[in-house]
Amino acid sequence: MSGAMQEGTVDVGDAEESLGDRAARALLEYRDGRSGALTSLVREATPLLWHTVRAQGVDRDAADDVVQSTWAALVRHVDTIAEPKAVLKWLLVTAKRAAWEAVRKTRDDARRRTELPDDVLESGAALPDLGPGPEATVLDDERDQILWSALREVPERCQQLLKLISLADRPDYKAISAALGMPVGSIGATRGRCLAKLRAVLTDQGKVSWT
Amino acid sequence: MDMNSAQDGTTSVPGEAEPLDAWDMAVLGRLARVVEERDPVPDGLVERSLFAMTLAGLEAEVMELQRIDVPVGAVRSGQPLEARTVTFTHERLTVMIALSAADDGVSVRVDGWIAPAGPRAVELRQPGTTLETTADDDGRFVFEAVEPGSASFLVRLPGGTPVTTPVVEL
């Protein structure tokens, strides 16, 4: 792969262009001195990175830093990423590893602090903040609530995958699953196991129309 | 926990091999909204990321400091109530930043402290501007009036890789 590849070597005009394709194009254009596509990618993919990091149990402040440093790392490694098609996966894996590191640091820190006898008040503060619980959040639409509670009935890993899939494009299913360490084989844009499970739960609950 | 292991066995879930249809799209679309509603991406994160990328393009080699939680009690008494302290650390260096309102009431005053102490060049980088100062022998430095907004600190170590902080909102 040469850094001088021109736009067009990735299927730009493809109607099925996914987030992963746009990420590849952004990398190639950036190598070529054009940063517009990368800026758009940051806007589009930051929510996906944010929720990937948060799913690892990272508090909001630390997650903010992890997402930024993931994007900064992309710029630093822009010439060493051999396979542009794998940029989306690279971003997700980089974010996830940095999230684990942040969680490890927080735990070490918490352990050090709880060893201090007078520090009782702080011991709870180091627990990852996972945001308000389901009961604290008012989901204003009944269907949102049904969907949210149905989601909690599928396995934890499926919940994570479905949340992230929902934030990307369906053809990115495979990249996201791989980054989460959930190989899905040649799943392509098929419904897949997790979504099929969610559908079964929702179908059992009956009546509500989803389309 | 592997979704393909014991609990699920290798049994397939009915419908998993079917192509995505309008139902799937509708449910995923709704799910995206609910996910975003429950844990919204912080305001300005995209802008902070873009600025961090600009900085990364300028300094290829840096050590990144990590923000750490400092117990509330560690904020020195006598500071104005709205003062905010942020601490960043790395194996070789800790930088503590205290933010308060500047005398003009609009800008932000930044009081910083670097450990281990020593005279070091400190840069405060914001989109479009860079302010520079030097930490004194005790590791203290001050930027008296800084525009509120995204900023990252960079500390130059003699003969070493510069150290930077994540982009924070002043």
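Letters A, B, ... are given to chains in the order of the sequence lines, protein chains preceding strands, and every chain is numbered from 1. Both backbone and side-chain heavy atoms feed into the values below; hydrogens, waters and symmetry mates do not.
Only the side chain of B/Glu47 has a heavy atom closer than 4.5 Å to any heavy atom of chain A. When heavy atoms are compared at a cutoff of 4.5 Å, A/Leu151 approaches chain B solely by way of its side chain, counted from C-beta outward. Using a 4.5 Å cut-off between heavy atoms, B/Pro40 contacts chain A through both its backbone and its side chain.
Between chain B and the options A/Ile165, A/Thr39, A/Leu198, A/Val78, the largest number of non-hydrogen pairs under 4.5 Å is found for A/Thr39.
Shown here for A/Asp61 and B/Arg67, the closest heavy-atom pair between the two residues is O-NH2, 3.4 Å. Across all their heavy atoms, B/Leu28 and A/Leu162 have their closest contact at CD2-O, 4.2 Å. Here the closest non-hydrogen pair linking A/Ala196 and B/Pro14 is CB-O, 3.7 Å.
For CD of B/Glu147, the number of neighbouring non-hydrogen atoms (other residues, nucleotides, ligands) closer than 6.0 Å is 12 at most. More than 12 non-hydrogen atoms from other residues, nucleotides or ligands lie less than 6.0 angstrom from CG of B/Asp104. Counting heavy atoms of neighbouring residues, nucleotides and ligands inside a 6.0 Å radius, atom NZ of A/Lys96 exceeds 12 of them. Other residues, nucleotides and ligands place no more than 12 heavy atoms under 6.0 Å from the CG atom of B/Asp43.
Here the side chain of A/Arg191 pairs a donor or acceptor atom with the backbone of B/Gly15 at under 3.5 angstrom. A distance-only check finds a donor-acceptor pair linking the side chain of A/Gln68 to the backbone of B/Val167 [under 3.5 Å]. Between the side chain of A/Trp50 and the backbone N or O of B/Asp39, at least one donor-acceptor pair lies under 3.5 Å.
Atom CZ of B/Arg33 is separated from atom CG of A/Leu167 by 13.0 Å, given to the nearest 0.5 angstrom. A distance of 8.5 Å separates CZ in A/Arg199 from CD in B/Glu18, rounded to the nearest 0.5 Å. Taken to the nearest 0.5 Å, the CG atom of B/Leu65 stands 12.0 Å off from the OG atom of A/Ser69. The distance from atom CG of A/Asp64 to atom OG of B/Ser49, rounded to the nearest 0.5 Å, is 7.0 Å.
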Exercise. Could you go through the side chain to side chain contact (heavy atoms under 4.5 Å, CB included) check for A/Leu202 and B/Trp23 one step at a time?
Key: CA-CA 11 Å; A/Leu202 284 169; B/Trp23 184 95; 3.8 Å; yes
Exercise. Go through B/Leu20 and A/Leu195 one step at a time and tell me if the side chain to side chain contact (heavy atoms under 4.5 Å, CB included) criterion holds.
Key: CA-CA 9 Å; B/Leu20 291 170; A/Leu195 193 48; 3.5 Å; yes
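In this structure the side chain of B/Thr54 never reaches within 4.5 angstrom of the side chain of A/Val75, judged on heavy atoms. Taking 4.5 Å as the limit, some side-chain heavy atom of A/Trp148 sits within range of a side-chain heavy atom of B/Leu31.
A cation-pi arrangement is absent between B/Arg30 and A/Trp210 under the rule of less than 6.0 angstrom and at most 45 degrees off the ring axis.
Of the candidates A/Leu48, A/Thr46, A/Val67, B/Val41 forms a side chain to side chain contact (heavy atoms under 4.5 Å, CB included) with just one, namely A/Thr46.
A salt bridge does not link A/Lys163 to B/Glu36: none of the charged nitrogens lies less than 4.0 Å from a carboxylate oxygen.
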